[in-house]
There are 2 protein chains.
Amino acid sequence: MTSKAAPFDDLDRKIMAALIDNARASFAEIGAAVGLSSTAIKRRVDRLRENNVITGFTATVRPAALGWLTEAYVEVYCDSAAPPRRLAEVVRNHPEIAAAMTVTGGADALLHVRATDVEHFEEVLERIRTEPFIRKTISYMVLSHLLPDSPEAGASRPSTKGGAANRL
Amino acid sequence: MTSKAAPFDDLDRKIMAALIDNARASFAEIGAAVGLSSTAIKRRVDRLRENNVITGFTATVRPAALGWLTEAYVEVYCDSAAPPRRLAEVVRNHPEIAAAMTVTGGADALLHVRATDVEHFEEVLERIRTEPFIRKTISYMVLSHLLPDSPEAGASRPSTKGGAANRL
DNA sequence: AGTGAAAGAGTCTGATC
DNA sequence: GATCAGACTCTTTCACT
């Protein structure tokens, strides 16, 4: 499982840094950067993928370029009986939810929501509010990014199954 | 600038979906999926990159696998005179800040912070609190992810310059 | 804008140290 | 584990439509 000891070393770290920087870099390029042959790089990358250290490779796309101009964080307050499992189901019903997690503090969950515009966001919010367990939401609209190059400012959500087309 | 009309069509959307799903897919594979030759795919991808619709390709790495076990969202309250530009500088001083944005509501900014453990997080928080403009912070620790495969649950921050090694 | 061909890179497997 | 060698695939450019 995930219980095994350190599944990677400093060389692997350098390889991951190179792939985070450019997921389409060739193994030969990475090898030149870290001082290994392309074959050795491939084997290490394959192993990192098998161990689920690297979970995939994705393109970062500017949501604004795709017309997703509105973004917000939404605190969700649930009925006291709502378990995280039910919450996860609810979250999956709305493709506009880019990320969702349970958090400490008064709220039961924090959602990262993307919408094309304010009207669309309002529609999403109404849809979420009508879900069974949801009692209340508090929204914080994102005004501007202070780290414009982070993936969460720019990336669309990759899909484990079913394609990312629903958000493009 | 960004004022030009629709720089992409449905075919481009399908190509982007394919690349978001697997950034290392070959142009031939993508071509087979969307019904175009590999040459045509390459030209379209090159154009999407030039137009900054696609901003890059990155590996998604499970932070937990790298020992980044703690995560929180932090509301930041500033002295009234603090402009976003100064805030952005502050944010760049702390590599543990994975994302940062100005938001509506009482707080001036919302930070997404990753740390190796709670002690590390406390250290980061103290470091942020001693920055010039910062008056107060409120932290929401992330307990569990409801969408485990979203990039912001898994991705490390790609770097425009300087490499991602500081977070590995 | 898309296709097809051709040269140079890159990938990937198997053998070897 | 890493390297080397070979077959195969992909990338990239260019000429053509």
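Below, chain A is the first sequence line, B the second, and so on; all start at residue 1.
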Nearest-angstrom distance from the residue atom CD1 of A:I41 to P of D:dC4: 14 Å

Touch class at under 4.0 angstrom, heavy-atom based, for A:R44 against every strand present: sugar-phosphate

Among C:dT3, D:dT11, D:dA2, the nucleotide that comes nearest once only the side chain of B:S37 is considered: C:dT3

Remaining members of hydrophobic cluster (4.5 Å side-chain criterion), A:I138: A:Y73, A:Y77, A:M101, A:V103, A:L110, A:Y140, A:V142, B:Y73, B:Y77, B:M101, B:V103, B:L110, B:I138, B:Y140, B:V142

Interatomic distance where CG belongs to B:L36 and C1' belongs to D:dC10 [whole Å]: 17 Å

N/O contacts under 3.5 Å, protein versus nucleotides 12-15 of chain C?
none

Criterion salt bridge (charged side-chain N to carboxylate O under 4.0 Å, His left out) on A:D12 and A:R47, from CA distance to verdict: CA-CA 10 Å; A:D12 291 315; A:R47 192 167 49 75; 3.2 Å; yes

Spacing of B:R24 atom CZ relative to D:dC10 atom P, expressed in whole Å: 13 Å

Separation of B:L111 CG from B:H94 NE2 (nearest 0.5 Å): 9.0 Å

Whole-Å gap separating P (D:dA2) and CD1 (A:I30): 14 Å

Whole-Å gap separating C1' (C:dT3) and CG (B:L11): 14 Å

Passing option when A:D46 is tested against A:R44, A:K42, A:R43 for salt bridge (Lys or Arg N to Asp or Glu O under 4.0 Å): A:K42

Sugar-phosphate, base or nothing in reach of A:R47, heavy atoms under 4.0 Å: nothing

Distance, nearest 0.5 Å, that separates CZ of B:F121 from CG of B:L69: 14.0 Å

Donor-acceptor side-chain pairing of A:R129 and A:T137 below 3.5 angstrom: yes

